Protein chains: 2
Amino acid sequence: MAQEPYFHPDLDAISLADVLHALSDPVRLAIVKSLAPGEETAWNAFMVGVAPSTLSHHMKVLRNAGIIANRRDGMRCIVSLRPELSARFPDLLETVLRLLPEAA
Amino acid sequence: MAQEPYFHPDLDAISLADVLHALSDPVRLAIVKSLAPGEETAWNAFMVGVAPSTLSHHMKVLRNAGIIANRRDGMRCIVSLRPELSARFPDLLETVLRLLPEAA
DNA sequence: TTCTATATTCGATGTTCGTCGAACACGAAA
DNA sequence: TTTCGTGTTCGACGAACATCGAATATAGAA
């Protein structure tokens, strides 16, 4: 039995409050901050100082909020930002990302 | 004995996560949505469907996050957005406010 | 002073959240 | 098949949260 693909919600079903909530945690902000737009990052490249199970939990929150996409590559997991989020909430993530370095 | 003035935190002491958390609740988003920039609104003008004690709680959360300012006018309370927030987090509240009507 | 209107604080309740370690599932390698 | 590398899920815990009604504090009116 093949492994289940990751569930990525339809962005139309996501509210602004959902996205803001997902972005309101320091660990999750650190994750998003280390994701350059348009690029893919390996799961194990995140140095956010939490246990693997906790990191997995935060990934799921970000995924359910439509912010990130996860993809399996054999044994590993590849993470990236969901570009469609900008169509649903224009400038939101861009603004947060721009403010992040100075005000984590 | 005069009533204590409202406490308004220094915006430098507020993190981006704090602001995003304050904005991640539907009731608080409804409050912010009904506050036109540069204008003052009476406390009892908010129709957000919660008990007065709950509304008071949410006002405090928004105030502690540097998003709103409260001012006493005799027996009543006047609420407004804090314009300095735009200096600390440029475009953040503006972006959220712009996205609010369509995606509450 | 007594009463009324306005908002805050308090106490309680049930929910959600962040965190961890242990156990698990899967793919790949030995 | 057995073992190893990678994340995920589960169960538990304490902390934080949203909500309400009751009690309280204050300012102004009667």
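Worth saying up front: this structure is predicted, and the values here are computed from it rather than measured. In what follows, chains are A, B, ... by sequence order, proteins preceding strands, each numbered from 1.
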- Item | Nearest listed nucleotide, side chain of A:Asp25, among C:dG18, D:dG7, C:dA28 | C:dG18

- Task: Identify which nucleotide among C:dC20, C:dA7, D:dT8 has an atom closest to any side-chain atom of A:Ala51, counting heavy atoms from C-beta outward.
- Result: C:dC20

- Query: Does B:Arg28 place a side-chain N or O at less than 4.0 Å from the phosphate oxygens OP1/OP2 of D:dA18?
  - Reply: yes

- Query: Has A:Arg63 got its NZ or CZ under 6.0 Å from the middle of the six-membered ring of A:Phe7, at an angle within 45 degrees of the ring axis?
  - Reply: no

- Message: Starting the side chain at C-beta, find the nucleotide from C:dT19, C:dA22, C:dT8 nearest to A:Ser53.
- Response: C:dA22

- Message: Counting only side-chain nitrogens and oxygens, does B:Thr54 get under 4.0 Å of the OP1 or OP2 atom of D:dA18?
- Response: no

- Heavy-atom check, side chain of B:Pro90 versus side chain of A:Leu99, under 4.5 Å: yes

- Message: Using a 4.0 Å heavy-atom cut-off, does A:Val50 contact any base of the nucleic acid, only the sugar-phosphate backbone, or nothing at all?
- Response: sugar-phosphate

- D:dT19 phosphate, OP1 or OP2, under 4.0 Å from B:His58 side-chain N/O: yes

- With the side chain counted from C-beta on, respond yes when A:Val19 and A:Ile14 share a heavy-atom pair under 4.5 Å apart, and no when they do not. yes

- Query: Is B:His21 near enough to D:dC17 that one of its side-chain N or O atoms lies under 4.0 angstrom from OP1 or OP2?
  - Reply: yes

- Item | Side-chain N,O (A:His57) to OP1/OP2 (C:dC20) below 4.0 Å | no

- Between A:Tyr6 and D:dG7, does any side-chain N or O lie under 4.0 Å from OP1 or OP2? no

- Any B:Lys60 side-chain N or O less than 4.0 Å from OP1/OP2 of C:dT9: yes

- Message: Is there a side-chain contact between A:Ser56 and the phosphate of D:dT8, meaning an N or O under 4.0 Å from OP1 or OP2?
- Response: yes

